[in-house]
Amino acid sequence: MRNEEMLLIPGPTPVVDSIYDAMSSETRGHTDSRFVAIYKHAIEQTRELLKTDGEVFVISGSGTVAMEMALVNTVAAGERLLIISHGYFGDRFIKLAKAFGIEIDVLQAEWGQQVASEEVEKKLGEHTYKAVTVTHADTSTGVAADLDCLVPLIKKHGALVIVDGVCATAALEEDMSKEYGSPEYKIDIVLTGSQKAIGVPPGLAIVAFNQTALKAREALGHVPAYYCDIHNWIPIMQNPANYFATPPVNLIYAYEEGIKLVLAEGMDERIMRHAAFGRAVRTALREYGMTPLASEEVAASTLSCILYPEGLNDTEFRAALAQKGIIVAGALAHLAGKAFRIGHMGNTTEDMLAGAIRAIGEVLNDMGYEVEIDKAVLRFTEEVSVTNQ
Ligand SMILES: Cc1ncc(COP(=O)(O)O)c(C=O)c1O
């Protein structure tokens, strides 16, 4: 990898050379047949990844655009949305829904925990919801939602299931063909971005609608959007030679290569690899006296939010790590200064993470915390191989 630094924040994630190479291919016109073929392949691969019977949308924008696209095409002003939030990004749906006059109820977990399924069941029994949002892995807390539990609960009550996969797609299972206990109990929408577990630079909003979600769009008639109205994009996704808004040509090159790598590794492999990395990173950091915010039962495999030992200075710690070429992120909201977040997703490798564990140990020792680096690195390696068996 030609990267000079190890970008272990929870997205963007390290970009591999073949993706950079694809991205730096010659910029062509967006209706040039050579570009159109690549865009078409990128769309087909997205469909293959998410296994939807509906439409996928791959457009310019960040994850937030994908969130907006999911909501504005399915829930009208005055209709009711239930938001299941495991942190900062789950909460983002609150402001988004309010901006469109959508009525909301919110179930918020204490940071580091999941919303209890009993609470979800109770809420679903109290009102009729058009849709429910579930943040698959919340990037603020490192908590993953349990789709096996939530999808059937939500579908039993007839609501659309909207899964925010910004920090999960291509690492956690998001199979839109999967029947969660009954043939019609399926995920209706997955939304994501290019920059996390897919491992492509930021800039693409990716959304998949199944047939049920597409019917919901039809039933709405007019929606309060132009760029995010899927009606404007369906003709492009069906034939990328059509024009609606200029696609980010070079990012599409990069994404086509990124998804190719994802599919070549295979989702079963990737799910296992991410689970192994997540567990191993947290195990090693526990050796240093650090505490993951989320318990192993609910921890996301894509990133971890790690509480510092008493008295450790966040700014100094992260600056010292950066000096060693390892970039981790600060924590958000009330955890700022008290924890850091480390990404272990996408094209991150075992060697990179073992190097990060070693560097973290060195920084801790330099800051006066006596830790056993070799032991932690060994625990990391052991845990990766155990989980991989
Ligand atoms: C789970 C989740 N949802 C949504 C977003 C928003 O994505 P973006 O920053 O690309 O707009 C993020 C960003 O980190 C996220 O982690």
Side-chain angles (χ1 to χ4, degrees), residues 7-15 50 57-72 81 83-97 99 106 108-109 111-112 114-115 131-147 150 161-174 187 189-208 227-228 248 251 254-255 258 274 278 293-294 298-305 327-333 335-336 339-346 348:
L7 192 56
L8 298 184
I9 62 173
T13 56
V15 173
L50 296 170
F57 304 91
V58 180
I59 67 169
S60 275
S62 74
T64 307
V65 168
M67 293 168 80
E68 189 157 326
M69 202 162 178
L71 218 52
V72 81
L81 173 76
I83 296 167
I84 300 177
S85 174
H86 303 115
Y88 182 91
F89 290 100
D91 289 356
R92 178 162 287 199
F93 279 109
I94 300 173
K95 285 195 179 148
L96 187 45
V106 188
Q108 278 163 316
W111 277 35
Q114 285 176 337
V115 172
V132 179
T133 61
V134 181
T135 307
H136 201 173
D138 202 300
T139 319
S140 60
T141 56
V143 170
D146 182 353
L147 295 186
L150 292 176
V161 176
I162 300 175
V163 173
D164 175 345
V166 173
C167 202
T169 307
L172 275 75
E173 183 185 64
E174 286 173 349
I187 299 169
I189 294 179
V190 171
L191 66 98
T192 192
S194 49
Q195 76 272 29
K196 300 200 186 222
I198 298 174
V200 168
L204 289 177
I206 300 139
V207 192
Y227 186 77
C228 280
L251 256 182
Y255 177 73
H274 282 84
L293 177 69
V298 301
S301 61
T302 44
L303 89 144
S304 301
C305 179
I327 316 297
V328 296
L332 298 177
L335 287 181
F340 72 101
R341 293 174 302 144
I342 180 166
H344 26 77
M345 64 184 134
T348 310

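For this chain, numbers begin at 1 and follow the sequence in order. Both ligands and their constituent atoms are indexed starting at 1 by order of listing. Values below: all heavy atoms of this structure, side chains included; hydrogens, waters and symmetry mates excluded. Note that the structure is predicted; figures quoted are calculated from it, not measured.
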**Asked** Who pairs with S140 by side chain to side chain contact (heavy atoms under 4.5 Å, CB included), at least two apart in sequence or on another chain?
**Response** Y88, W111, D138, L332

**Message:** With a 4.5 Å cut-off on side-chain heavy atoms, are I187 and L147 touching?
**Reply:** yes

**Complete:** Within the heavy-atom cut-off of under 4.0 Å, ligand 1 is lined by S62, G63, T64, M67, F89, R92, T135, A137, T139, D164, V166, Q195, K196

**Message:** Are I59 and Y227 packed together at the side-chain level, in the sense that at least one heavy-atom pair is separated by less than 4.5 angstrom?
**Reply:** yes

**Fill in**
For residues 191-204, the side-chain hydrogen bond (donor to acceptor under 3.5 Å, both in side chains) pairs (sequence neighbours left out) are T169-T192

**Request:** Compare all side-chain heavy atoms of I84 with those of L150 and state whether any distance is below 4.5 angstrom.
**Result:** yes

**Message:** According to side chain to side chain contact (heavy atoms under 4.5 Å, CB included), who are the partners of A97, at least two apart in sequence or on a separate chain?
**Reply:** L71, L81, I102, I104

